[in-house]
Amino acid sequence: MTPEEFRLYGHRAIDWIADYLAHPERYPVLPSVKPGQLTDALPAHGPERGEPMSDILADFERLIVPAATHWNHPGFLAYFANSATPEGILGELLTAALNGNGMVWKTSPAITELEQVTLRWLRNWSGLPDDWFGLIYDTASTSSMHAIAAARQAADPESRSKGVARGLVVYTSEQAHSSIAKGAIAVGIGHDNVRLVPVDAEFRMLPDALREMIERDLAAGLRPCCVAATVGTTSTTSVDPVPAIAEICERHNLWLHVDAAYAGSAAVAPEFRWALAGCERADSLVTNPHKWLLTPMDCSVFYTRRPDVLRRAFSLVPEYLRTEQDPRAVNLMDYGVPLGRRFRALKLWFILRSYGREGLANVIREHVRLAREFAREVDADPRFELAAPVPFSVVNFRYKGTDDDNRRILERVNAAGDVFISSTVLNSRFTLHLAIGNYATTAAHVERAWQLLQEATEA
Ligand code: PLP
């Protein structure tokens, strides 16, 4: 591609993106494709000779877009809805152009230092301790795996050289995300050694049950090493009592990891800082700007107050990457599994600067306001019931009928194409789950969801 062609097609691509962002409603949130349909529509073999960009772009619109689930649609109200803001998209575009790789400081001072600077801003806006070290991974799953690896290193320093000793145990709540158990599997602790601590009626970990489980394991000669508390659980956004959990971890010298993948972002608004109470006592914490801080996939922020432990677990420097020692030249490859490091901080920087803390806080506030408004509607309708408290921007609710009734309602609502809501299971009952997290979602989208729910119920 010549520079002139790049300019031409680049403008076309930007025009397409601008139209897409301006009129997302022209697409159904969920595509109406069958499994395998896209595969069958594409050639079985790649082209022998290069094809014109105009054909590729045309096929993008003709084949790829109709098979996409539109996460960036304001009617996307499922799971944890998220956003690729125009600001974030520009950052991502320039990241691709620089194509940097922040393995060590020298291979990209900009990646290394901007990552440190943006995470310092975010830490400060969220009321987290100033001396925490931060770095960006792709996902919360990767971040939490590193937390559990650090916990393993702290409890069993020989694990790095000799492999994992048996008997290490990780604790998390019944409502924790599966990434915690996967992390324990990945670092060799094993799924059988992940204890799921029961929760209270509002889906928060019970500290007394945690204490009892730890004491029972200690009495049995096992080695508790890590507790993963959640601030904003996946189904209900419940917040575990971190201060009480921190107390237990300190008494037993256990690594405390906090999974704040979703709700951590809320702390940019001072009235939601309560959610991170006690987190200053944690050893590590993950929060995902790609969930609720308007940042395109992927961007997961991992903080730890004990980077030395992470470094002991993972630093392994091949000769070709040895560089001069300068205390300000951090080599991020020393703190985890990945060597290559995308310039993810660039899009985050674009967003932090263009919105400012106050702008981000206002988006969070509006999402919470919309969720609570929706919850009020549900609560006021005798045919429906709320299934969990609404501390943030997610509402779990049920039609007061059978699980199958609720399944049918969900299918009907989503088939309309205007909105997409998801489901979960709470207290063994199928539950509808509406999540607000896209920057373009307004009251009209939430009202449309409620209208579709009414129609589906009547039908
Ligand atoms: N933690 C929580 C609380 C989540 O809800 C999720 C996913 O929704 C994850 C972790 C995993 O996130 P990721 O997709 O970034 O690995």
Side-chain angles (χ1 to χ4, degrees), residues 77-81 140 171-181 195-213 227-249 256-267 269 271-279 281-282 285 287 291-292 364-365 367-381 384-400 403 406 421-437:
L77 305 170
Y79 313 118
F80 282 137
Y171 304 81
T172 197
S173 94
E174 284 170 349
Q175 288 292 318
H177 190 262
S178 50
S179 55
I180 302 300
R195 305 272 181 270
L196 297 184
V197 184
V199 294
D200 66 14
E202 296 193 0
F203 307 100
R204 300 169 297 199
M205 188 193 286
L206 285 165
D208 285 342
L210 170 68
R211 188 180 305 111
E212 279 164 25
M213 280 176 159
V227 178
T230 313
V231 168
T233 54
T234 311
S235 282
T236 72
T237 73
S238 60
V239 175
D240 286 341
V242 177
I245 295 169
E247 192 82 37
I248 297 169
C249 289
L256 172 58
H257 174 59
V258 176
D259 177 357
Y262 157 72
S265 297
E271 66 269 35
F272 293 111
R273 288 253 182 108
W274 62 266
L276 294 182
C279 289
R281 293 159 74 181
L285 178 144
T287 180
K291 285 204 190 326
W292 201 10
I364 298 273
R365 280 183 192 120
H367 287 173
V368 176
R369 190 188 72 76
L370 291 174
R372 291 190 178 156
E373 190 56 42
F374 179 82
R376 264 191 292 278
E377 301 262 29
V378 170
D379 207 28
D381 189 320
F384 285 88
E385 62 188 347
L386 290 173
V390 184
F392 303 107
S393 68
V394 171
V395 185
N396 287 282
F397 60 105
R398 303 183 80 254
Y399 168 69
K400 291 178 187 162
D403 282 0
N406 279 281
I421 61 178
S422 56
S423 62
T424 186
V425 173
L426 293 175
N427 296 322
S428 311
R429 283 154 59 158
F430 187 86
T431 302
L432 306 173
H433 173 106
L434 179 139
I436 298 166

* Determine whether S423 and N406 make a side-chain contact, defined as any pair of heavy atoms from C-beta on separated by less than 4.5 Å. => no
* To do: Specify the closest pair of heavy atoms between F203 and N427, including all atoms of both residues, with the distance to one decimal.
  => CZ-ND2, 3.9 Å
* To do: Answer yes or no: is there a donor N or O on one side and an acceptor on the other, between the side chain of N396 and the main chain of A387, under 3.5 Å?
  => no
* Asked: Are any non-hydrogen side-chain atoms of L386 and F384 less than 4.5 angstrom apart?
  -> no
* Check V199 against M205 and note the closest heavy-atom contact, atom names and distance. => CG1-N, 3.9 Å
* **Gap between atom CZ of R365 and atom NE2 of H367 - 0.5 Å precision** => 13.0 Å
* Asked: Do you know the tightest heavy-atom contact between V378 and F397?
  -> CG1-CB, 3.7 Å
* Check the pair E202, S238 against side-chain contact (heavy atoms from CB on, under 4.5 Å), reporting the backbone distance first and the verdict last. => CA-CA 7 Å; E202 296 193 0; S238 60; 5.9 Å; no
* Asked: Taking the six-membered ring for Trp, are F392 and Y262 parallel (under 30°), tilted (30 to 60°) or perpendicular (over 60°)?
  -> perpendicular
* Structure fact -> So SG of C249 and CZ of R211: to nearest 0.5 Å the spacing works out to 11.0 Å
* Heavy atoms only: give me the nearest L276-A260 pair and the separation to one decimal. => CD2-CB, 4.3 Å
* CZ-OG1 distance between R204 and T233, expressed to the nearest 0.5 angstrom -> 10.5 Å
* Is there side-chain contact between H177 and T230, with heavy atoms separated by less than 4.5 Å? -> no
* Would a 4.5 Å heavy-atom cut-off, applied to side chains only, mark P389 and T236 as touching? -> no
* Main-chain N/O of V242 paired to D240 side chain as donor or acceptor, under 3.5 Å -> no
* **Any donor-acceptor N/O pair, S393 side chain to G437 backbone, under 3.5 Å** => no
* For T431 and T424, run side-chain hydrogen bond (donor to acceptor under 3.5 Å, both in side chains): C-alpha distance rounded to whole Å, both residues' side-chain angles, the deciding distance at 0.1 Å, then the answer. => CA-CA 5 Å; T431 302; T424 186; over 6 Å; no
* Structure fact -> Scanning both residues in full, the closest heavy-atom pair of Q175 with S235 reads OE1-CB, 3.8 Å
* Evaluate the criterion salt bridge (charged side-chain N to carboxylate O under 4.0 Å, His left out) for residue pair D379 and R376; output intermediate values, then yes/no. => CA-CA 5 Å; D379 207 28; R376 264 191 292 278; over 6 Å; no
* Structure fact -> Correct closest heavy-atom pair for A435 and A78 would be CB-O, 3.8 Å
* Is the shortest heavy-atom distance from the side chain of P198 to the side chain of M213 under 4.5 Å? -> yes
* Heavy-atom count around Y79 OH within 6.0 Å, excluding the residue itself: above 12? -> no
* **Interatomic distance, E212 atom CD to I248 atom CD1 [nearest 0.5 angstrom]** => 10.0 Å
* **side-chain contact (heavy atoms from CB on, under 4.5 Å) between Y171 and I245, worked out** => CA-CA 11 Å; Y171 304 81; I245 295 169; over 6 Å; no
* Hey, could you give me the CG/CD distance between L210 and E247, rounded to the nearest 0.5 Å? => 12.0 Å
* Asked: Does any non-hydrogen side-chain atom of I436 lie less than 4.5 Å from one of L77?
  -> yes
* How long is the span from the CG atom in L432 to the OH atom in Y399, to the nearest 0.5 Å? -> 12.0 Å
* Asked: Quick check: does any side chain N or O of R429 sit under 3.5 Å from a backbone N or O of D403, one acting as donor and the other as acceptor?
  -> no
